[in-house]
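In what follows, a single structure is set out as structure tokens and then discussed.
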Amino acid sequence: MAQFQSLPGFREFYPDALARRNHIFRLWRQTANTFGFQEYDAPVLEPLELYKTKSGDEIEAQLFSFTDKGGREVALRPEMTPTVCRLVGEKANSLKRPIKWFSIAEFYRYERMQKGRGRCFFQLNADIFGEPGVEAETELIAMLVQCFAGFGLTAEDFYVRLSDRNLWFYYLEALGLDEVRVRGMLSAVDRFEKLGDDAFKDYVTQFGALDEGVKAKVLAFLQIKSLAALETAVSGIPGDKLTARLADWRKLLGNLAAMGLGGFVEVDFGVVRGLAYYTGFVFEAFDRKGELRALAGGGRYDSLVGKLGYGEMPAVGFGVGDMTFALLLEQRGLTPAFVPTTDIYVVIGGEAERAAAFGDIFALRAAGFRVDYPLKDLAFGKQFKVAAESGAKLALIYGGDELAKGVVKIRVLGDRSEHEVPRDQVAAAVRDFFSGGAE
RNA sequence: GCGGCCAUAGCUCAGUUGGUUAGAGCACUAGAUUGUGAUUCUAGGGGUCGCGGGUUCGAAUCCCGUUGGCCGCCCCA
């Protein structure tokens, strides 16, 4: 039987699965629109070099990449960030600021599948370009929260952990680490939650034994869970940069609290996010039970547009994947039921009545009603059964008796009531039913 | 790239120490029911038992390989 299988890690969406996916996308799109973001789209296939420039040569092992017939090295997109940076960079001078854009798109990574991870997946990506201040972070974190809360998820279900690579940088510099060591230390911090003390192994291998005093301070810093603790930790360290940064923190947390989102956001310096292109605030969303992998991640990346060869452009963005998010909805029983797609089912007596029904069926469809009917003659009982299963609210009955009288019988499937209307008033009667919601 | 478990109908699964033509429920199609709905009854379609090889008189069953799936490690933009 199974002569051809789908490729490993790729998904097929049968209608009920696609209905669930569409429901998620619909709410995400609606939320993005209410936050004033504009939707864009871009190619699935990109030059391989775009990703190597951003992430380094090693990235190729994780990509679906090949040489096309023109000899070009290409790759299926594994993420949207480099692409959207190019879009913005190309037209930076003509775009109104702030640039608030989002997309819902499919991505491909050549990886081993796991729970919540496949070789293809969808992501909502939202980014703000051109705004260096925390006002941009405010918008994006608020929108991220609403993208979840819109489904009925609450602060009991998920939360956003907020951290700051800038502050980490300032702090580690103050401890006497140079830039290379700071980056090594940040990658240790990133892994500390999972590995514990072993997270420092790479650092020690690369830079030699770690001073116990420094290590103790790093461990204390990554356990910071509040603005007050943060202020205490840096209070002894001089410098305007640090003072200004603390002001940013107060403003951002104040903004989010003013939006009523305080319960969703937690200061957490254990988060720094792996790859190095983030330059400021970083954040990740997790389920409260801690059972799933990260639901969303984002942060500020002010230097990436410039790195790709365009003018400098401040930027903040986040991405939410569909797979882990769908798992969370399922866990909390918030997966929507399949929505029936029929408004009206037309019951047809036989071939003679079919011709009469066809005219009205087409007219009703043209008027925007979702109308279905049996393609071939069926017993009446069977047709009513199909009508009920279709989820239709109304059945229109085109039988020999009705047509002889010049009427159509309308049956309200919910309460099984019936009445007859003259044939030329069918459209009006149907419109009344659906606009009034009654009768 | 590494490790553990698994693979029988569209789905969930039975299938005895290796033994005749591989089963059930659900789902699907049709009939009972030629003008009125979720029940019931009956019938039907659908499987080269993931694929390939080996052992055997005989393999869904035992052995090897392979592909795929789930879970974990690495990674996670």
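Order of the sequence lines fixes the chain letters, A, B, ..., with proteins taken first and strands second; residue numbering starts at 1 for each chain.
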The nucleotide from B:C70, B:G35, B:U39 with an atom nearest the side chain of A:Lys385 is B:U39
Picking from B:C75, B:A77, B:A30, the nucleotide nearest the side-chain atoms of A:Lys382 would be B:A30
A:Phe121 CZ to B:A77 P, in whole Å, measures 10 Å
Practice problem: Compute whether any side-chain donor of one residue and acceptor of the other, for A:Tyr301 and A:Asp127, lie under 3.5 angstrom apart. | Solution: yes
Among B:A77, B:G37, B:C76, the one nearest any side-chain atom of A:Lys54 is B:A77
Separation of B:C11 atom P from A:Glu12 atom CD, nearest Å, is 12 Å
- Around atom CD of A:Glu39, are there more than 12 heavy atoms of other residues, nucleotides or ligands at under 6.0 Å? yes
Does OP1 or OP2 of B:A77 have a side-chain N or O of A:Arg273 closer than 4.0 Å? yes
Quick note, A:Arg112 side chain, CB onward, closest among B:C71, B:G37, B:C75 is B:C71
For this session: Run the salt-bridge test on A:Lys289 and A:Asp287 with the 4.0 Å N-O cut-off and return the result as yes or no.
Result: no
With the side chain defined as heavy atoms from C-beta on, A:Lys194 is closest, among B:G3, B:C75, B:A77, to B:C75
With the side chain defined as heavy atoms from C-beta on, A:Gln114 is closest, among B:A77, B:G68, B:C74, to B:C74
_Ring centroid separation A:Phe148 to A:Phe325 under 6.0 Å_ = yes
Separation of B:G37 atom P from A:Phe384 atom CZ, nearest Å, is 8 Å
B:U20 -> Watson-Crick or G-U wobble partner, both distances under 3.5 Å, gives none
Taken to the nearest whole Å, CD/A:Glu46 to P/B:A77 is 19 Å
Testing B:U36, B:A77, B:G68 for proximity to the side chain of A:Glu418, the answer is B:U36
Paired to B:A38 by Watson-Crick or G-U wobble criteria (both distances under 3.5 Å) is none
task: Please state whether the base of B:G37 and the side chain of A:Arg411 form at least one donor-acceptor pair under 3.5 Å?
output: yes
Whole-Å distance, A:Ile410 CD1 to B:G37 P, equals 19 Å
Per atom distances to the A:Arg416 side chain, the nearest of B:A77, B:G37, B:G68 is B:G37
From CG of A:Leu295 across to C1' of B:C76 the rounded distance in Å is 14 Å
Show me the side-chain donor-acceptor pairs of residues 355-363 of chain A shorter than 3.5 Å, one per line, residues at least two apart or across chains.
unit_1, atom_1, unit_2, atom_2, d
A:Asp360, OD2, A:Tyr398, OH, 2.6

Using atom P in both nucleotides, what's the gap between B:C6 and B:G47 to the nearest angstrom? 28 Å
Open item on the list: Categorize A:Glu402 for me: base, sugar-phosphate, or nothing, with a 4.0 angstrom heavy-atom threshold over every strand shown.
Closed with: base
| field | B:G25 to B:U67 separation - C1' atoms, rounded to the nearest Å | value | 30 Å
Would you say A:Gln38 has more than 12 foreign heavy atoms packed within less than 6.0 Å of its CD?
no
In Watson-Crick or G-U wobble terms, with both distances under 3.5 Å, the base opposite B:C73 is B:G1
A:Glu79 CD to B:A77 C1', in whole Å, measures 4 Å
Using the P atom as the reference point in each nucleotide, state the distance between B:A14 and B:A7 in Å, no decimals. 9 Å
Checklist entry - Hey, does A:Gly400 reach any base, or is it just sugar-phosphate, or nothing, if we go heavy atoms under 4.0 Å? => result base
Inset, instruction - Answer yes or no: is there an ion pair linking A:Glu418 with A:Lys409, defined by an N-O contact shorter than 4.0 Å? - result: yes
Atom P, compared across B:U29 and B:G72: separation rounded to whole Å | 38 Å
Sorted by position of nearest nucleotide on RNA chain B, 5' first, the leading residue of A:Gly9 and A:Glu111 is A:Gly9
- [ ] Please work out if A:Pro78 contacts a base, only the sugar-phosphate, or nothing of the nucleic acid, heavy-atom cut-off 4.0 Å.
- [x] base
Looking at A:Arg191, I'd like to know whether one of its side-chain N or O atoms comes within less than 4.0 Å of OP1 or OP2 on B:C75.
yes
For this session: Determine the contact category for A:Leu195: base if any of its heavy atoms lies under 4.0 Å from a base atom, sugar-phosphate if only primed atoms, P, OP1 or OP2 are that close, otherwise nothing.
Result: sugar-phosphate
Any strand, both distances under 3.5 Å, Watson-Crick or G-U wobble: B:C26 pairs with B:G10
In whole angstroms, the gap separating P of B:C74 from CG of A:Asp198 amounts to 11 Å
Among B:C70, B:G35, B:C71, the one nearest any side-chain atom of A:Lys115 is B:C71
